[in-house]
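Remember, it's 1-based here, ligands and their atoms both numbered in the order they're listed. Numbers here are sequence positions counted from 1.
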Amino acid sequence: MDGVTDLPFRRLIREVSGGDAPLFVSEFLSAGSSLFLTPANLRATRFDKEEEPFCMQVFGHNAERLAGAALKAQELGASSVELNAGCPARRVAGKGSGSGLLKDLPNLRKVLQAMKAAVKIPLFLKSRIGWDENSICIDEVLEIAEGEGVEQLTIHGRTKEQCYKGLANWDAIGDIAAKAKIPIIGNGDINNAELALDRMKNYGVKGIAIGRGALQNPWIFSQIADAVSGKEPAKITPSQVCNAVIRYEKLLRADSLREGQILGKLKQLSSRMFKGDFRQAILRTQNIQDFLSHCFNLSANAFSFPYSVGS
Ligand SMILES: Cc1cc2nc3c(=O)[nH]c(=O)nc-3n(C[C@H](O)[C@H](O)[C@H](O)COP(=O)(O)O)c2cc1C
């Protein structure tokens with residue numbers, strides 16, 4: 001997730017969820033400039049050895065530039081490279097990149113062909129189901145992906161026009177999973193272990209991808225692993241949450257972020273993790289010390305995720 005899944009955030013997830021998140025993906029990397037390794041991309045391509053296999057995601061619409069970006073990702077040690085055909089932001093989709101690729105399927109094919117020819121590592125695709133409800137094209141996307149040697153297709157079950165509104169259409173994901181020869185990873189609205197199990201059992205997907213659910217509950221991956229192995233998902237206590245927030249601040253500081261940036265990232269996490277008066281209070285804080293001191297007064301009813309306990 002752009003602006004979210006950077007190195008400190010992924011380190012936090014790894015620390016609290018152990019080895020239970022099997023594949024981390026970078027923030028998306030723009031292939032818009034002829035110089036792929038811009039300072040922003042250089043920063044976003046950093047990953048820890050322990051994160052392997054690590055996937056780097058790229059976005060753009062120019063086949064030659066995307067092929068170059070894929071090659072760079074391979075040179076930087078990515079285990080796989082993924083093309084983004086899902087981003088709905090106007091600055092991306094409006095230029096024919098991200099979900100804009102769903103409006104020009106011949107170009108999607110051309111881009112995948114060029115990327116595939118450029119690298120030896122597996123090529124993945126992340127797509128929405130279509131541009132809008134009148135132009136659902138995920139069947140064609142699957143056909144193009146399989147024809148061009150894509151090895152994994154992650155489907156966010158919304159259209160570009162839906163952005164993040166409504167619910168992800170898991171029936172559409174299930175239909176594609178039933179006909180696909182390549183692994184389909186289902187994505188959309190999974191924010192607890194029961195939902196994760198339901199999606200994996202009932203929609204024929206090979207796996208699930210989690211975005212916002214990891215911001216709401218960084219423990220979600222270990223809880224899903226518990227549920228998959230038939231155990232009750234581990235319950236999270238206020239002191240675990242408090243320790244995780246304190247740890248996140250340290251991880252952000254160690255990554256040379258400025259005070260304002262650190263506070264911004266702490267609030268980004270908190271705005272999804274917490275609810276009610278506690279959330280309001282913590283989002284109003286003006287400095288890191290004030291923010292952290294609130295965390296010592298956490299109670300279980302401040303959490304917005306299930307499986308939390310009050311001791
Ligand atoms: C802040 C934010 C940034 C995102 N950035 C990306 C991105 O860079 N690449 C991508 O494939 N999806 C991105 N997404 C979409 C998510 O990966 C995911 O497809 C979507 O949020 C639905 O899944 P979820 O309900 O598990 O969050 C982003 C979502 C959010 C909320």
Salt bridge or not for [X] and [Y], using N-O below 4.0 Å?
| X | Y | result |
| --- | --- | --- |
| Arg158 | Asp132 | no |
| Glu161 | Arg128 | no |
| Glu64 | Lys110 | no |
| Arg91 | Asp2 | yes |
| Arg10 | Asp48 | no |

Sub-4.0 Å atoms of ligand 1 with respect to non-hydrogen atoms of [X]:
| X | answer |
| --- | --- |
| Phe28 | 8 (O) |
| Gly188 | 23 (O), 25 (O) |
| Ile210 | 26 (O) |
| Asn84 | 9 (N), 10 (C), 11 (O) |

Among all protein heavy atoms, pick the one closest to [atom] and tell me residue, atom and distance.
| atom | value |
| --- | --- |
| atom 9 (N) of ligand 1 | Gln57 OE1, 2.7 Å |
| atom 5 (N) of ligand 1 | Asp2 N, 2.7 Å |
| atom 23 (O) of ligand 1 | Asn187 ND2, 3.0 Å |
| atom 26 (O) of ligand 1 | Gly211 N, 2.8 Å |
| atom 2 (C) of ligand 1 | Met1 CB, 4.0 Å |

**Request:** Run the ring-centre check on Phe59 versus Phe28 and record whether the distance is less than 6.0 Å.
**Result:** yes
Give yes if a backbone or side-chain nitrogen or oxygen of [X] is under 3.5 Å from a nitrogen or oxygen of ligand 1, and no if not.
| X | value |
| --- | --- |
| Val4 | no |
| Arg158 | no |
| Asp189 | yes |
| Glu82 | no |

**Message:** Tell me the closest heavy-atom pair linking Glu249 and Ile262, and the distance in Å.
**Reply:** CG-CG2, 4.0 Å
**Asked** At their closest point, which heavy atom of Ile121 faces which heavy atom of Val81, and how far apart are they?
**Response** CD1-N, 4.0 Å
**Asked** At a non-hydrogen distance cut-off of under 4.0 Å, which region of Tyr164 contacts ligand 1 (side chain, backbone, both, or neither)?
**Response** side chain
**Fill in**
At under 4.0 Å between heavy atoms, what of Arg212 touches ligand 1? The answer is both
**All pairs passing salt bridge (Lys or Arg N to Asp or Glu O under 4.0 Å) where residues 259-284 contributes a residue, at least two apart** = Asp6-Lys265, Arg253-Glu259
**Message:** Less than 4.5 Å apart, side chain to side chain, heavy atoms only: is that true for Phe9 and Leu251?
**Reply:** no
**Message:** Considering Lys126, Glu27, His156 one by one, which has a heavy atom nearer to atom 17 (O) of ligand 1 than any of the others?
**Reply:** Lys126
